[in-house]
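Since the structure comes first, as structure tokens, the remarks are kept for the end.
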2 protein chains.
Amino acid sequence: MPTIKDVAREAGVSIATVSYVLNDSGAVSEATHQRVLQAVEKLGYRPSVIAQGLQARESRMIGYSWRPMPPDQFNPILEKFIHGMAEAAARHGYHVLAFPSTEASDEISPYREMVERERVDGFALSNTNLDDPRVHYLLDIDFPFVAFGRANPEWDFAWVDVDGAAGVEQAVNHLLELGHRRIACLAWPEESLTGQYRLTGYRQAMAAAGLEVQAGWVIRAENHYRHAYQAAQTWLTQPPTRRPTAVVALTDLMAIGVMNAAADAGLTVGRDLAVVGFDDAPITGYLRPPLTSLRQPIAEIGERMVTMLIDLVRGETPSPAQVLLKPRLIVRDSTRLSKREM
Amino acid sequence: MPTIKDVAREAGVSIATVSYVLNDSGAVSEATHQRVLQAVEKLGYRPSVIAQGLQARESRMIGYSWRPMPPDQFNPILEKFIHGMAEAAARHGYHVLAFPSTEASDEISPYREMVERERVDGFALSNTNLDDPRVHYLLDIDFPFVAFGRANPEWDFAWVDVDGAAGVEQAVNHLLELGHRRIACLAWPEESLTGQYRLTGYRQAMAAAGLEVQAGWVIRAENHYRHAYQAAQTWLTQPPTRRPTAVVALTDLMAIGVMNAAADAGLTVGRDLAVVGFDDAPITGYLRPPLTSLRQPIAEIGERMVTMLIDLVRGETPSPAQVLLKPRLIVRDSTRLSKREM
DNA sequence: CCGGGTGGCTTAAACGTTTAAATTATACCA
DNA sequence: TGGTATAATTTAAACGTTTAAGCCACCCGG
């Protein structure tokens, strides 16, 4: 690989002049400028990112880590999220460094390692939670990061999030328009901040419609198929005149659990029970019936996070520093075919 | 961040001594050794990866790129694959750099960029194909890489692959044991090398069982739901005594297309038609019926690729340099309930 | 008692950049 | 013509490491 010295020799100038030409700084005569560019072209010279990094004390890397899903669960948005970030980052001369999260016991040590060894200039976080220790640590050492998801409202940091409340509200309103009145919600445990926001959307939409949320209409469960299946069973064993006619599940995986429970109870999803999911996993369109779901603007989230992060790395404050994006309801047969006579 | 100079000052030695202590090289007295380690501890010093990289002319980065799936398709193994690589890499002091592949027109320029700017020490490739231009380029410039998948058999390079032929053979044998005789295969276009291997497994298993592959039993299609659905329809419109009783699809996505086509034709998958997929996507267990599929040992693939690549980066030849791993047939109801009277 | 070997440490160069400061050449003005 | 401002270029230091080479004191053998 040719270095700046080779270019300098080839062009008959000092390495400083080459550097000035390449960075468009300093005062260089037009003739020299051309000569240097020709030498660069001839040798196929590209500056070494490592040497530049040492000089500038930066790595031009964005660190990102995630906890892998158990084999029976899926993360439908991860691939697009990483790719979206990688693409946006590349446009700014940055790259995404994927590092593993191992034990849940010590969440921050992989992050600390990256910071201390100067591997990354900033982090993208996802799956943040209230009092997230990573957010706490990074705020503490004042290291640049942007989160996908909110955390403790008292902490001031840059984040991008999907407006789960607005999303679920859309879903409930859609069901209301179809004539549903007994609408249940399959929610997450109380600790989950994202779960809280989404559940709030459900409660607000119901309240706005003047509907009381009956006891038992909200069931909290972990994001597992089996839990969702069991929760649905408790609803479906109620008499037809009392049981929910529609279910909003906080993820597609849980929605699938509900759909299968309904089918196993002899009900036709879409006609006897409307189901809505969240995430719009690629699979949703191929389920029977295809699942209505809330699609998150993943590419935009990745893009926004990267540009905000680069602002922070450069010492600027991104504006806005908090971004809430609306998900879009993709209507499919799991609700469309369930129109109720009003 | 403290540097080696700070440690040297703190310990009252030269920076060379600090370096010798940290790298366990050179001759350092026990007393000095201790003093340096204490200074390191006290200051919380960690060597800068960038400075080490400049010195050693290496980045300790493994580049990996993939083409994102269209929104209605899924890549069930990508997440585990990257995470597996990231984990194995981290154990050896390496990290995974994710860079985007943009246009299909110029596949190699993102790779060239990474090479020329010295961003990575080697590459992990996936979705290789016969005469893959990336493999060609990297062989040409003699840059370290390991591929997930084979390419032109005349090229000598390191790869790890899943034995698709053995996998499909397993699947066909499983169907044969259940009493199936009219077994169809939903294959990929001829250009796909992976598709060729898998199809070979089908043909071999059929031949070994003394069964002739009837015209029309093999249909080639792109890896899309809709194509799979249509292919299945052409089989299912045949009279029951002639049509295939089992289908081996080369991916889960295509298997889902077949399952839905069968259901829409009034058949019960599992009883009237057995279906096998490939990849064992997390969703397969939740389909109705749950889909029998071939699981690839993703974590092991990532692990192997990384260790082989690190060998190559160090100038050693990995042994073995070609690894073929067997997938495992995960039997579920989509075949289990289809036992035929023999 | 002197020479050579060696253990233990430091000096200094190198990796490939950027950039402040110094130097040289050129032009302009009094 | 001499001095100064300015344009163009070079020199050299710096970023944080590693490591070859050098240095010094000490010990040991002859």
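A, B, ... follow the sequence lines: proteins, then strands. Residue 1 opens every chain.
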Checking contacts here: which listed nucleotide (D:dT10, C:dC15, D:dA12) is nearest the side-chain heavy atoms of A:Val13?
D:dT10
Could you state the atom-to-atom distance from CG of A:Asp6 to C1' of C:dC15 in whole Å?
13 Å
For atom CG of A:Leu54 and atom C1' of D:dA13, their distance in whole Å:
13 Å
Base, sugar-phosphate or nothing for B:Thr3? Non-hydrogen atoms, less than 4.0 Å.
sugar-phosphate
So, the side chain of B:Thr128 versus the backbone of B:Gly149: is there a donor-acceptor pair under 3.5 Å, distance only?
yes
Residues forming a ring pair (Phe, Tyr, Trp, His ring centres under 6.0 Å) with A:His92, sequence neighbours excluded:
none
Atom CD of A:Gln55 to atom C1' of C:dC15: distance rounded to whole Å?
13 Å
Base, backbone or nothing for each nucleotide of nucleotides 20-28 of chain D, written B, S, -, heavy atoms under 4.0 angstrom, 5' to 3'?
BB-------
Are the side chain of A:Asn129 and the backbone of A:Leu193 linked by a donor-acceptor contact shorter than 3.5 Å?
yes
Are B:Tyr111 and B:Tyr137 an aromatic pair, judged by ring center distance below 6.0 Å?
no
Calculate the interatomic distance between A:Glu58 atom CD and D:dG16 atom C1'; express it in whole Å.
15 Å
On the nucleotide D:dT17, are OP1 or OP2 found under 4.0 Å from the side-chain N or O atoms that B:Lys5 carries?
no
Scan residues 28-52 of chain A against DNA chain D and write down, sorted by residue number, each residue with any heavy atom closer than 4.0 Å; if none is found, say none.
A:Val28, A:Ser29, A:Thr32
Atom-pair distance (CZ on A:Arg9; P on D:dT9), nearest Å:
19 Å
Output all residues satisfying side chain to side chain contact (heavy atoms under 4.5 Å, CB included) with A:Gln38, sequence neighbours left out; order by chain, then residue number.
none
Holding to salt bridge (charged side-chain N to carboxylate O under 4.0 Å, His left out), I want the full list of residues that pass it with B:Arg117, two or more places apart in sequence or in another chain.
none
Is the phosphate of D:dT17, meaning OP1 or OP2, less than 4.0 Å from a side-chain N or O of B:Ser19?
no
According to ring pair (Phe, Tyr, Trp, His ring centres under 6.0 Å), who are the partners of A:Phe145, at least two apart in sequence or on a separate chain?
A:Phe157
For A:Leu22 and C:dG16, give me the distance from atom CG to atom C1', rounded to whole Å.
13 Å
Please list, chain by chain and in numerical order, all residues satisfying salt bridge (charged side-chain N to carboxylate O under 4.0 Å, His left out) with A:Glu79, sequence neighbours excluded.
none
When you measure from the side-chain N and O atoms of A:Asn23 to the phosphate of C:dT18, is any distance below 4.0 Å, counting only OP1 and OP2?
yes
Check whether the ring centres of A:Tyr64 and A:Phe99 lie less than 6.0 Å apart, and answer yes or no.
no
Across all chains, not counting sequence neighbours, the side chain to side chain contact (heavy atoms under 4.5 Å, CB included) partners of B:Ser14 are B:Ala16, B:Thr17
Take A:Asn23 and A:Ser19, measure what side-chain hydrogen bond (donor to acceptor under 3.5 Å, both in side chains) needs, and give me the verdict at the end.
CA-CA 6 Å; A:Asn23 295 299; A:Ser19 178; 3.2 Å; yes
For B:Gln55, give me all partners under side chain to side chain contact (heavy atoms under 4.5 Å, CB included), at least two apart in sequence or on another chain.
none
Looking at C:dT11, D:dT17, D:dT11, which one has an atom nearest to any side-chain atom of B:Ile4?
D:dT17
Sequence-distant partners of A:Glu300, salt bridge (charged side-chain N to carboxylate O under 4.0 Å, His left out), two or more places apart
A:Arg304
For the helix from C:dC1-D:dG30 to C:dA30-D:dT1, what angle separates the axis at the start from the axis at the finish, each from five pairs, in steps of 10°?
70°
Test side chain to side chain contact (heavy atoms under 4.5 Å, CB included) on A:Glu10 and A:Tyr45; report intermediate values, then the result.
CA-CA 11 Å; A:Glu10 175 76 25; A:Tyr45 166 76; over 6 Å; no
5'-most contact on DNA chain C: B:Ile15 or A:Val18, nearest heavy atom basis?
B:Ile15
Residues in residues 115-122 of chain A with a heavy atom under 4.0 Å of DNA chain D, by number, are none
